[in-house]
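Taking it in order: structure first as structure tokens, then the write-up.
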Amino acid sequence: MSGKAEQNVVIVGGGFAGFQVAKQLSKKLDARRYNLILINSRSYAISLPATVRLVVDAESKLEETSFVKLDRIYANGNGETKVGVVTSIEAQPGVSGGAVVLATGERISYAVLILATGSKWTGPSAIPENEGDVLPFVNAWRQKFAKANHVVIVGGGAVGIELAGEVKDLYPTKKVTIVHGGNQLINAAYGSSLRKGLEKRLHARGVQFMFNEYIDDIPEAGVVGITTRSGKHISDADLVVSARGGRPNTDYVTSLGEDALNGHGFVKIKPTMQLLNHPSIFALGDIIDWTEQKQAAKLMWHVPVAVANVVSFLNGVTPTKKYAGATEMIVITNGKKGGMGYFGFFGGFTLGDWFAWLVKSRDFMVSHFRKDLGY
């Protein structure tokens, strides 16, 4: 596949990281020299944070607003979106250029390759790659939540907390329990004020907690009763929902050899966001091997580094812009009207329900997401 230019700049993944890089590169690349190609499994991007409301609340109609076509992100039409799934990369260590291979067998060469495939999720956040499967998946989860009497959420991170809030919004009297492996919600990166504050807010809505407990196997919806790893039994649980953290979507990167990924599947990079042994391959977003919390907010720092260094590399200049990490910050919703925010500045501080409502809870920033994509 190629356009009017001789060389391709290929981005794999059309989520928050991929489409933002595509937007910026479309403004900077000479279309006479480079074809900018964004490869994504669907023709549209999905606002993943909004999926916790999407899969619970049909009245939100988020399927009409949080799925946004990837056709308006390119400046002056300088770029194209190709629907496909990359299954492998053809490249030689230390040698620039190569090709990606799609599930269809199609091969697309590249002068520069940018990996931005994000995380793989389980449970209701695991939106199918095939467009025809997406709405049936969403509607099936809505029915599961509607029919359940006792929802047990496995994982007390941001996804589990936000899912509990959405269920309580729509079904205030429905039993909800969060089972979490730690002794407090989320993790210590955000400080105890946020962790205790969110627990207090959810507890006030009737959410129950089982800390320092694990559920290893998720039963089918409708199976009644579940037992934790330590042997504690929840007799009336009839919907057990996985809200475990995501894992890097990098299976296709194994084609570059064992040294491309760390033991957890994250892509090893230099501070320039280039892969260690492949100078013409860059990576950013959730998939990089960097000690930090994986979240879209980090892209404020990732994207400028990646874009500047890609442009330098294409111009024959050694990339010098370096990523040095980012301050931790997060906003976690508690339904449509509440939640909390944490900011790691000045030793760390939290903000409460009004702030969470203002910036996220009311619409999961979908209006901003749409605007970012040209809609």
Side-chain angles (χ1 to χ4, degrees), residues 9-29 34 36 38 86 89 91-98 100 110-120 187-190 245-330 343-345 348:
V9 173
V10 176
I11 303 166
V12 185
F16 285 98
F19 82 70
Q20 289 186 36
V21 169
K23 276 183 67 174
Q24 295 304 316
L25 286 178
S26 71
K27 300 173 185 176
K28 297 176 181 293
L29 298 184
Y34 301 107
L36 180 61
L38 173 63
V86 172
I89 304 167
Q92 296 299 319
V95 179
S96 295
V100 294
Y110 64 81
V112 161
L113 177 64
I114 301 121
L115 311 181
T117 38
S119 297
K120 279 188 173 180
N187 63 59
Y190 301 111
R247 67 178 184 85
N249 182 15
T250 56
D251 290 349
Y252 66 100
V253 185
T254 58
S255 55
L256 293 176
E258 293 181 0
D259 60 344
L261 303 174
N262 73 6
H264 298 286
F266 293 98
V267 180
K268 297 178 184 178
I269 60 164
K270 300 175 182 179
T272 56
M273 297 199 150
Q274 292 166 290
L275 271 63
L276 301 185
N277 299 315
H278 298 275
S280 61
I281 306 179
F282 296 75
L284 74 161
D286 286 2
I287 65 172
I288 64 170
D289 177 20
W290 201 277
T291 304
E292 63 185 6
Q293 300 300 302
K294 305 300 181 182
Q295 54 186 194
K298 298 295 190 305
L299 296 174
M300 288 188 288
W301 291 272
H302 289 198
V303 172
V305 174
V307 169
N309 287 336
V310 165
V311 172
S312 292
F313 182 86
L314 289 170
N315 288 333
V317 178
T318 301
T320 57
K321 197 171 182 70
K322 294 183 178 180
Y323 180 59
T327 302
E328 294 297 346
M329 58 181 77
I330 195 169
F343 298 86
F345 309 105

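For clarity, every value in this text was computed on a predicted model and none was experimentally measured.
- Panel note: side chain Lys268, backbone Asp289; no donor-acceptor pair is recorded below 3.5 Å.
- The shortest heavy-atom contact between Lys321 and Ala308 is CD-CB, 3.6 Å.
- Dense packing is recorded around NZ of Lys294, with more than 12 heavy atoms of other residues, nucleotides or ligands lying under 6.0 Å away.
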query: What's the verdict on side-chain contact (heavy atoms from CB on, under 4.5 Å) for Ile11 and Leu36, showing C-alpha distance, side-chain angles and the deciding distance?
result: CA-CA 8 Å; Ile11 303 166; Leu36 180 61; 3.9 Å; yes
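- Looking only at distances, a side-chain donor or acceptor of Gln295 sits under 3.5 Å from a matching main-chain atom of Met329.
- Summarising the geometry of Phe313 relative to Pro279, their closest heavy-atom pair is CE1-O, 3.6 Å, with the distance given to 0.1 Å.
- Annotation: the span from Leu25 atom CG to Gln20 atom CD amounts to 12.0 Å, rounded to 0.5 Å.
- Residues Pro248 and Lys120 form no side-chain contact, since every pair of their non-hydrogen atoms from C-beta on lies 4.5 Å or further apart.
- At a threshold of 4.5 Å between non-hydrogen side-chain atoms, the residues Thr117 and Tyr252 count as touching.
- Side chains of Asn309 and Thr272: a donor-acceptor N/O pair is absent below 3.5 angstrom, by distance only.
- Pairing each heavy atom of Leu276 with each of Lys270, the nearest pair is O-CE, 3.5 Å.
- Without hydrogens or angle criteria, Thr327 side chain to Phe345 main chain gives no donor-acceptor distance under 3.5 Å.
- Remark: side-chain polar atoms of Asn315 are not paired, donor with acceptor, to backbone N or O of Val317 under 3.5 angstrom.
- Atom CD1 of residue Ile114 and atom CE of residue Met273 lie 12.0 Å apart, to the nearest 0.5 angstrom.
- With a 4.5 Å cut-off on side-chain heavy atoms, Val303 and Gln24 count as touching.
- Once rounded to the nearest 0.5 Å, the distance linking CZ of Phe266 with OG of Ser119 reads 7.0 Å.
- Between Ile287 and Gly118, the shortest heavy-atom distance links the atoms CG2-O, 3.1 Å.
- A tilted orientation is assigned to the rings of Phe16 and Phe19, their planes being inclined by 30° to 60°.
- Taking NZ of Lys298 as the start and CD of Gln293 as the end, the distance is 6.5 Å to the nearest 0.5 Å.
- In this structure, Ser96 OG and Leu113 CG are separated by 12.0 Å, a value rounded to the nearest 0.5 Å.
- Here the closest non-hydrogen pair linking Leu38 and Ala22 is CD2-CB, 4.4 Å.
- Looking only at distances, no side-chain donor or acceptor of Glu292 sits under 3.5 Å from a matching main-chain atom of Gly325.
- Judged by distance alone, with hydrogens and angles left aside, the side-chain atoms of Ser255 form a donor-acceptor pair with the main-chain N or O of Ile89 at under 3.5 Å.
- A distance of 12.0 Å separates OG1 of Thr250 from NE2 of His264, quoted to the nearest 0.5 Å.
- Closest approach of Leu314 and Ala111 over heavy atoms only: CD2-CB, 4.4 Å.
- By the 30° and 60° cut-offs, the orientation of the rings of Tyr323 relative to Trp290 is tilted.
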